Amino acid sequence: MKNKEEPSAHSRRGNPSVQVDLYFPDNVGTETTGSPSRPGDTAATRAGQPALSNSLESLMQHVVADANFEAAWKSVKRNRGAPGPDGITIAEFPDWFRPRWLSIRQQLLDGTYRPDPVRRKTIDKPDGGKRLLGIPNIVDRLIQQAIVQILTPVFDPHFSDSSHGFRPKRSAHGAAKQVRRTVRRGYRFVADFDLSKFFDRVQHDVLMSRVARRVRDKRLLQLIGRYLRAGVMVEGVLQPTDLGTPQGGPLSPILSNILLDDLDKELERRGLPFVRYADDFAVFAKSPRAAERIMNSVGRYVAKKLRLVVNEEKSRVLACTEFEFLGFSFPKSRANINVSVKSILRFKQRVREITGRSRGISMDRRLGELRRYVRGWMGYFGIASQLKLFDKLDQWIRRRIRMCYWKQWKRPKRRRAMLIRLGVPRRQAIRHARSRKGHWRMAKTIASNVGLTNKWLQEEGLLSLKTLWAQLAPLRRTA
DNA sequence: CTTCAAGCAAC
RNA sequence: UUUGUUGCUUGAAG
Ligand SMILES: Nc1ncnc2c1ncn2[C@H]1C[C@H](O)[C@@H](COP(=O)(O)OP(=O)(O)OP(=O)(O)O)O1
Ligand SMILES: [Mg+2]
């Protein structure tokens, strides 16, 4: 497939799609003696459906395969994430990595590679708490991603159909739809669970025993263990990590699913309907008593077998009508999915921020920002079947925009620019902007311009939440 | 179907 | 500045 007709690293015009800026299998050998790449394994690995061709004890060779690392680098690069403790950025990484690749790969194969600690960054959670991120160096994000691409086809096919978080071809929408189907089957009570500080509290020995069930390559197991114990730099001081998997490591999400896979299997064994999204899972029952019993027994299972902590504040037994999950709620017993109250409040708050900030950028940019926010938001919540709600929010946003224009209107200079942009002939606009006529006239003009504005917004595709909603009809199929 | 850019959401 | 997985929306280039 690959031929070595073009050894140059320069991006020649014509074939930018073939350009590879990280690693060149055919010309990297300038500093080595032998040919580094084996012919058999380069094309063997692919992240998708086709199963790994062979044995579990040689998984590390699949990890370090050229094609796998290429794909891993594209993934890491795509995120454009901030650097880890070593300060190497995405832009400078290829030059840093190229001379070290052969050495690193050999260390990975020898089982002598030692990951660097991660960088601690504390960010705010929506609920007011703090989230402790662990940001690995780029090189470790690359290696972890390369591992993920091998572990995914090994583990993911065996995961439960009720597990939806962090998995390819699964989504929060799919989870919400499954909740909807389960409730409609008559399960109108739910034991809602959330785990406390989930990633931070992962027990290494429990996790590693689960990983070892399908990974027999000792080098790979050892490497994963070393990633868990790599430590964390907190303001320049190295702290050990004898607990937890870093929030920010590419490997962590699939590890968390491998850990909780036993929970899924246990719930399936008990014949309990459930839906899980990461550490947020709901077990369904037909009576409050049964849900209460499930809450207790599953809580015990999680504590005893997985040695994880159930978040008592976020976990409780609910009627399905008061159950909020993944930003949705599930009214009555119909086939509807609604936007949760919290999500509506967040939406309105965000719109207020965009439209309401007085100083800064002008109206045009704010509307552009608002437009793409509303579009993206609708892309997620458009699964909901609340035409009335979206119409209400639509009117509410228009009212806010009108208010913004009123404020702008008080400044004559902006008044003129606005009129011109809205399509009023230039001379007329200038004349009007200078006029000191009565308030009624101004109001009349504003009213007509608001009409123009609304028209413009629709033509630009900003609003009419209803139109956006209508276009997302396929999203709501089979809901 | 793939790649890139802007963004939204869940965790 | 804020990392990661996954899904999606719009636009551009194939
Ligand atoms: N922005 C993020 N970046 C990386 N990992 C995340 C992020 N958000 C969530 N996660 C992962 C790590 C979390 O442990 C896990 C579950 O999320 P979440 O329940 O919101 O927080 P938490 O379980 O760590 O704390 P809490 O005790 O408040 O529930 O999902
Ligand atoms: Mg949690």
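Small disclaimer: the values here were computed from a predicted structure and weren't measured. Naming: A, B, ... by sequence-line order, numbering from 1 per chain.
A sub-4.0 Å separation between OP1 or OP2 of C:U5 and a side-chain N or O of A:Arg141 is absent. Not one side-chain nitrogen or oxygen of A:Tyr373 sits closer than 4.0 Å to the OP1 or OP2 atom of C:U9. Taking only side-chain nitrogens and oxygens, A:Asn79 comes nearer than 4.0 Å to OP1 or OP2 of C:U5. For C:U5, the OP1/OP2 oxygens have a side-chain nitrogen or oxygen of A:Gln145 closer than 4.0 Å.
Ion pairing between A:Arg316 and A:Asp194 fails under the 4.0 Å rule for side-chain N and carboxylate O. Taking the charged nitrogens against the carboxylate oxygens, A:Asp279 and A:Arg201 have no contact shorter than 4.0 Å, which rules out a salt bridge. A:Arg276 and A:Asp264 are joined by a salt bridge, as a carboxylate oxygen and a charged side-chain nitrogen come within less than 4.0 angstrom of each other.
A:Tyr373 and A:Phe347 have parallel rings, their planes meeting at less than 30° on a 0 to 90° scale where 60° marks the start of perpendicular.
Atom NZ in A:Lys314 sits roughly 13 Å away from atom C1' in B:dA10 (whole-Å rounding). Between A:Arg119 atom CZ and C:U3 atom P the separation is 8 Å, expressed in whole Å. Atom CZ of A:Arg477 is separated from atom C1' of C:C8 by 18 Å (rounded to the nearest Å). In this entry the distance linking CZ of A:Arg131 with C1' of C:U1 reads 17 Å, nearest Å. In this structure, A:Arg372 atom CZ and C:U9 atom C1' are separated by 14 Å, rounded to whole Å. Rounded to whole Å, atom C1' of B:dG7 lies 12 Å from atom CZ of A:Arg371. Nucleotide C:C8 holds its P atom 11 Å from the NZ atom of A:Lys177, rounded to whole Å. Spacing between atom CG of A:Leu367 and atom P of C:U10 amounts to 21 Å, rounded to whole angstrom units.
Residue-level contact check: A:Asn257 touches neither bases nor backbone, having no heavy atom under 4.0 Å from any strand. A:Arg80 comes within contact range of the sugar-phosphate backbone alone, with a heavy-atom separation under 4.0 Å but no base atom that close. When heavy atoms are screened at a 4.0 angstrom cut-off, A:Gly249 is found touching the sugar-phosphate backbone but no base atom. Residue contacts shown for A:Ser75 are limited to sugar-phosphate atoms, with no base heavy atom under 4.0 Å away. Within the 4.0 angstrom heavy-atom criterion, only backbone atoms of the sugar-phosphate kind lie near A:Leu326; the bases stay farther away. Within 4.0 Å of A:Ile135, counting heavy atoms only, lie sugar-phosphate atoms of the nucleic acid but no base atom. Using a 4.0 Å heavy-atom criterion, one finds that A:Arg120 contacts no nucleic acid atom at all.
When the nucleotides C:G4, C:U3, C:G7 are ranked by their closest atom to the side chain of A:Ile123, C:U3 comes out on top. Nearest nucleotide to the A:Lys121 side chain, out of B:dA9, C:U1, C:U10: C:U1. Side-chain proximity of A:Pro250 to the nucleotides B:dA6, C:U2, C:U5 is greatest for C:U5. Set against B:dC8, C:G7, C:G4, the side chain of A:Ser171 has C:G7 as its closest nucleotide. Taking only side-chain atoms of A:Arg350, from C-beta outward, the nucleotide of B:dC8, C:G7, B:dC11 with the closest atom is B:dC8. Which of B:dC11, C:U2, B:dA10 sits closest to the side chain of A:Tyr380 comes down to B:dA10.
With 3.5 Å as the limit, one finds no donor-acceptor pair spanning the side chains of A:Ser160 and A:Ser163. In this structure, a donor-acceptor pair under 3.5 Å is present between the side chains of A:Ser297 and A:Arg270.
Of the nucleotides present, none pairs with C:U1 by Watson-Crick or G-U wobble criteria with both distances under 3.5 Å. Applying the Watson-Crick and G-U wobble criteria (two distances, each under 3.5 Å), C:U9 pairs with B:dA6.
Between A:Asp194 and A:Arg78, the residue whose closest nucleotide on DNA chain B is further toward the 5' end is A:Arg78. The 5' end of RNA chain C is approached more closely, in terms of each residue's nearest nucleotide, by A:Gly248 than by the other of A:Lys169 and A:Gly248.
With both ends at atom P, the span from C:U1 to B:dA5 equals 16 Å, rounded to whole Å.
Here the closest heavy-atom approach between residue A:Ile337 and residue A:Gln386 is recorded as O-OE1, 4.4 Å.
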